[in-house]
Amino acid sequence: MSLESVYGQVLNEHNLHPFHKGETEGATLMLEGKNPSCGDDIILQLKVSEDGTIEDGSFAGSGCAISQASVDIMLDLIIGETKERALELVGEFMNMIHGKATEEEIEDLDEAGALKDISHMPARVKCAVLGWHTLEEMLK
Amino acid sequence: MTDNKYRADFPIFEKHPCVYLDSAATAQRPRVVIEAEKEFYETMNANPLRGLYDLSVKATEAYERSREETASFIGAESPDEIIFTRNTTESLNLVAYSYAMNFIKPGDEIVTTVMEHHSNMLPWQAAAEKTGAKLLYLEPDEEGNFSDDEIVTKINDRTALVAVGHVSNVMGCVNPVKKIAERAHRYGAVVVVDGAQSTPHMQVDIKQLGADFFAFSGHKLMGPMGVGVLYGRRDLLEKMPPFLTGGEMIESVTLKKTVYAAIPHKFEAGTVNAAGAFALAAAIRYLKAVGFDEIRQTEDRLVELIFEGFAKSSHIHILGSKDPKMHNGIVSFTMDDVHPHDISSILDADGINIRAGHHCAQPLMEYLKVGSTARASVYLYNDEEDIQKFVEKTLKVRRWLGLES
Ligand SMILES: Cc1ncc(COP(=O)(O)O)c(C=O)c1O
């Protein structure tokens with residue numbers, strides 16, 4: 001595995017210039033996700049409409065490049081989608097990080113597919129899934 | 001080619017070539033240690049202390065000889081004062097459970113420091129809770145020094161026990177154990193020293209230090225995993241109840257009454273790690289043959305090279321003393337805008353192994369106001385090439401993350 005395949009443009013871009021960092025006005029859901037062994041810590045906020053569409057979302061907190069970029073990419077993907085679709089993406093992402101996703105699933109994950117080689121870095125899996133795991137807890 | 005003449009003694013560098021800079025977590029083992037463990041199992045394996053036949057006697061003798069060598073290594077008066085445990089953590093817990101929880105009273109004070117490894121902190125939190133004693137923490141300055149004022153105010157006639165690390169696993173600094181012990185002894189307090197990070201790097205003399213208990217791990221000084229040591233002053237060990245009970249630690253047992261074995265066996269319940277102790281003695285002999293002066297020279301030179309290399313970046317900050325000679329091979333650092341886990345992953349891609357995280361010292365991290373840190377630690381088998389590779393790659397980490405071009 002080459003280093004570029006993880007610390008590439010997509011990850012760096014989302015880490016350095018996160019699109020969704022901050023607060024969500026009128027948020028309906030909020031949950032803190034923690035990774036005590038690393039000290040990664042995020043607070044995820046979502047605004048979900050009555051019909052179950054994720055209208056907006058954001059994250060706050062601090063952590064490594066992988067955890068930060070991963071949650072920003074995730075928010076890109078799920079904003080505008082239904083809760084069900086978001087949970088489907090979470091399932092695909094978890095499969096990918098555990099090295100079990102199909103080509104189609106990885107394709108479906110779009111930019112998040114850039115994180116697929118983290119499946120070869122066992123120590124960093126927890127960082128990559130922190131945001132996704134928090135999202136799943138929130139929506140379930 | 002390496003200029004380090006000891007490196008060839010370590011099979012790992014042949015079988016898994018890497019830049020190993022995590023010796024503070026566990027050291028690599030020289031061939032003589034690996035061979036010793038093998039020799040025990042091939043030539044003297046039997047359950048020691050139990051059998052009456054020749055092989056078991058041989059195993060027992062090997063085990064007890066290792067105890068003697070360990071005693072003389074740290075300057076204990078008698079091998080009876082050396083208890084083999086699994087590691088430093090178990091040694092410190094033994095003191096907390098068998099000594100502190102039985103002899104400390106409500107209203108007494110236990111003093112430790114914010115710099116401690118969790119292994120030398122959690123047992124005292126438990127002991128304080130159980131006995132109703134109050135737990136106080138000595139606070140160091142930024143470079144890891146304790147002021148006299150701090151020592152004098154917090155150690156006083158209420159103090160029953162003081163637990164202090166000899167060398168910090170984060171900052172690498174040597175703590176003023178002798179001064180702290182003198183103060184503690186003036187009030188009759190017992191002094192417990194965590195020697196996990198000092199024993200691999202310096203000649204320890206427990207009498208000179210003033211330690212009533214002294215704990216260390218075999219694996220950090222090139223011995224095998226799974227064998228640790230607790231030194232305890234004879235009179236203290238004799239009055240303490242056993243930590244664990246069962247086989248091998250009794251004089252006689254009836255259904256009504258048990259008479260415990262004498263020290264040290266009172267504290268070694270169950271089948272012991274005799275092969276581990278035998279190999280630990282081999283590690284001690286290896287350490288002595290190399291010599292602590294030689295080890296210190298190598299470490300100081302390599303740490304100085306890291307300091308020089310890191311000075312090229314204004315974004316890297318080393319924790320603790322600004323003097324490379326005060327680090328005992330340990331360099332913890334932070335990098336602006338970069339999480340330590342990203343540093344270690346980026347280095348790992350080139351086979352450079354360092355530690356990242358809170359190093360089991362979360363209270364210290366909070367005290368120093370750093371979330372977590374990266375840590376490189378060197379030992380006698382590292383060479384300049386290791387450091388060159390490490391420094392070069394570390395200086396490029398911010399570029400890898402797109403923070404610099
Ligand atoms: C200062 C200090 N104390 C205690 C320990 C615990 O040692 P062990 O894990 O061998 O019990 C360590 C090792 O990480 C240490 O560095």
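Numbers restart at 1 for each chain; the letters A, B, ... are given by sequence-line order, proteins then strands. If you're wondering where the values come from, they're calculated on a predicted model, not measured in any experiment.
Residue contact with chain A, scored on non-hydrogen atoms closer than 4.5 Å, involves the backbone and the side chain of B/S345 alike.
Under the ring pair (Phe, Tyr, Trp, His ring centres under 6.0 Å) criterion, B/H166 pairs with no residue, sequence neighbours left out.
The number of heavy atoms from other shown groups lying within 6.0 Å of CE (A/M94) is above 12. In B/E129, the CD atom is not crowded: 12 or fewer heavy atoms of neighbouring residues, nucleotides or ligands sit closer than 6.0 Å. The neighbour count for A/R85 CZ, taken as heavy atoms of other residues, nucleotides or ligands under 6.0 Å away, is above 12. For NE2 of B/H118, the number of neighbouring non-hydrogen atoms (other residues, nucleotides, ligands) closer than 6.0 Å is greater than 12. Within a 6.0 Å sphere centred on CD of A/E107, heavy atoms belonging to other residues, nucleotides or ligands number 12 at most.
Of all heavy-atom pairs between A/L16 and B/L403, the closest is CD2-CD2, 3.4 Å. Of all the heavy atoms in A/R124 and B/H341, the pair that sits closest is NH1-O, 2.8 Å. Heavy atoms only, all atoms of each residue included: B/G402 and A/N12 are closest at N-ND2, 3.7 Å.
Counting heavy-atom pairs closer than 4.5 Å to chain B, the top residue among A/Q68, A/E4, A/E13 is A/E4.
Taking CD1 of B/I343 as the start and SG of A/C64 as the end, the distance is 11.5 Å to the nearest 0.5 Å.
Residues of residues 308-322 of chain B never come closer than 4.5 Å to chain A when only heavy atoms are counted.
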For this session: Step by step, work out the side chain to side chain contact (heavy atoms under 4.5 Å, CB included) result for B/H339 and A/D40.
Result: CA-CA 9 Å; B/H339 191 283; A/D40 292 342; 3.4 Å; yes
